[in-house]
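Reading through the structure tokens given below for one structure.
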Amino acid sequence: MVTMLATVVQAWDSQVLVTDNSNGQEVLVNTQNSTGNLIAGDQVRILYNGIMTASIPPQISADSICVLRYYQ
């Protein structure tokens, strides 16, 4: 498994467009679950198998997407 920390750009149906926090690259994330709870600006941790397409934007299939919440 590979972990990506990212910022949500847009979410719809079972896809979410994110910006990878490590390199600033936009990535389209496909998942089997609804992404309706994600909003632009959310910080997320994505687990995937390490395979990324060479398309523009690149695509991955997420095993899990976890919203990172910070409380003060």
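Separating the OG1 atom in Thr19 from the CG atom in Asn21 is a distance of 8.0 Å, to the nearest 0.5 Å. From Ile51, atom CD1 reaches atom OG of Ser61 across 8.5 Å, with rounding to the nearest 0.5 Å. Rounding to the nearest 0.5 angstrom, the gap separating the CD atom in Gln10 from the OG1 atom in Thr35 is 9.5 Å. Here the straight-line distance linking atom CD of Gln15 with atom CG of Leu28 works out to 4.5 Å at 0.5 Å rounding.
Take Leu68 and apply the side chain to side chain contact (heavy atoms under 4.5 Å, CB included) test, not counting sequence neighbours, and it matches Leu5, Gln43, Arg45, Tyr70. Under the rule for a side-chain hydrogen bond (donor to acceptor under 3.5 Å, both in side chains), the partners of Gln59 that lie at least two apart in sequence or sit in another chain are Asn30. For Ser34, there are no side chain to side chain contact (heavy atoms under 4.5 Å, CB included) partners at least two apart in sequence or on another chain.
Listed by first then second residue, pairs satisfying salt bridge (Lys or Arg N to Asp or Glu O under 4.0 Å) with a partner in residues 23-39 number zero, not counting sequence neighbours. Residue pairs meeting the salt bridge (Lys or Arg N to Asp or Glu O under 4.0 Å) criterion with at least one member in residues 27-42, sequence neighbours excluded, are Asp42-Arg69. For the salt bridge (Lys or Arg N to Asp or Glu O under 4.0 Å) condition, no pair includes a residue of residues 49-64, sequence neighbours left out. Note on residues 11-24: no pairs pass salt bridge (Lys or Arg N to Asp or Glu O under 4.0 Å), not counting sequence neighbours.
Applying the under-4.5 Å side-chain rule to Ile, Leu, Val, Met, Phe, Trp and Tyr, the cluster around Val27 extends to Val2, Met4, Val8, Val16, Val18, Val29, Leu38, Val44, Ile46, Tyr48, Met52, Ile60, Ile65, Val67.
Side chains of Pro58 and Gln25 form a contact here, defined as non-hydrogen atoms less than 4.5 Å apart.
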